[in-house]
Amino acid sequence: MIAGWVRGDPEGHRWISEYADPQSWTALFSSTRWGFVAFDGQTPIGFADIEFDQATRTAYFTYYVAPSWRGRGYSRPLLDSIRRHVLEQTDADTLEGSVEPQNIASSRALVTAGFKSTTTDSDGLISYALKLER
């Protein structure tokens with residue numbers, strides 16, 4: 001299912017091609033890296049990947065809403081789930097993710113969820129960070 005989403009997504013494929021093979025993605029999971037599929041009821045609508053860097057106490061995430069489910073408000077609940085998971089499973093004090101500059105909807109969802117734009121990396125991705133409060 002995830003492989004099909006990624007292969008059929010010209011907008012997201014450039015940055016998420018590593019998720020096209022879920023077996024190699026799930027092989028990366030550990031006590032500090034998790035992945036999960038997001039559902040609306042019984043229907044899968046996306047996924048998230050979270051990696052916790054214990055040295056910096058930062059949790060880095062990628063989230064993805066499947067093309068046929070975009071524009072329906074799923075980013076915010078997915079971001080809330082990521083935040084809750086990080087708070088429950090780690091002692092992270094920062095949550096950080098990156099977005100392509102043209103992905104206005106994702107940038108808007110991050111800002112609405114309380115994230116602040118921090119930097120632009122060498123690939124042109126804009127990083128957003130959220131200070132976690134316990």
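None of the values given here were measured: they were computed from a predicted structure.
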Of all heavy-atom pairs between R33 and L28, which one has the smallest distance, and what is that distance? NH1-CD1, 3.2 Å
Between the side chains of Y63 and S81, does any donor sit under 3.5 Å from an acceptor? no
Pairing of R76 and D80 as salt bridge, 4.0 angstrom limit: yes
Can you tell if the side chain of D53 reaches within under 4.5 Å of the side chain of E96, non-hydrogen atoms only? no
Can you name the nearest heavy-atom pair linking P101 to I126, along with the distance? CA-CD1, 3.9 Å
Would R134 and D93 pass as an ion pair if we require N to O under 4.0 Å? no
Hey, does Q54 have a side-chain heavy atom less than 4.5 Å from the side chain of T90? no
Here the gap from T32 atom OG1 to Q89 atom CD, rounded to the nearest 0.5 Å, amounts to 12.0 Å
Just how far is it from atom CZ of F29 to atom CZ of F36, taken to the nearest 0.5 Å? 10.0 Å
Please check if the side chain of T118 supplies one atom and the backbone of S127 the other of a donor-acceptor pair under 3.5 Å. yes
Could you tell me the separation between the CG atom of L79 and the OH atom of Y74, rounded to the nearest 0.5 Å? 14.5 Å
Using the rule ring pair (Phe, Tyr, Trp, His ring centres under 6.0 Å), only one of W34, F115, F47 pairs with F61; which is it? F115
Flag, side chain of T119 to backbone of D121, donor-acceptor distance under 3.5 Å: no
For the atom pair NZ (K116) and CG (L130), what is the distance rounded to the nearest 0.5 Å? 8.5 Å
From the list L87, T58, D91, side-chain contact (heavy atoms from CB on, under 4.5 Å) with L132 holds only for L87
Smallest heavy-atom separation, P77 atom then G73 atom, equals CD-O, 3.1 Å
Y128 vs V111 side-chain heavy atoms within contact, under 4.5 Å: yes
Side chains of R72 and D40: does their closest heavy-atom pair fall under 4.5 Å? no
Considering all heavy atoms of both residues, which atom of I45 and which atom of W69 are nearest to each other, and what is their separation? CG2-CD2, 3.4 Å
Flag yes if more than 12 heavy atoms outside R57 fall under 6.0 Å of its CZ atom; otherwise flag no. yes
Rounded to the nearest 0.5 Å, what separates atom CG in L95 from atom CD1 in I50? 7.5 Å
Between atom OG of S68 and atom CH2 of W5, what is the distance when rounded to the nearest 0.5 Å? 8.0 Å
Hydrophobic cluster identity match, M1 and Y64, side-chain contacts under 4.5 Å: yes
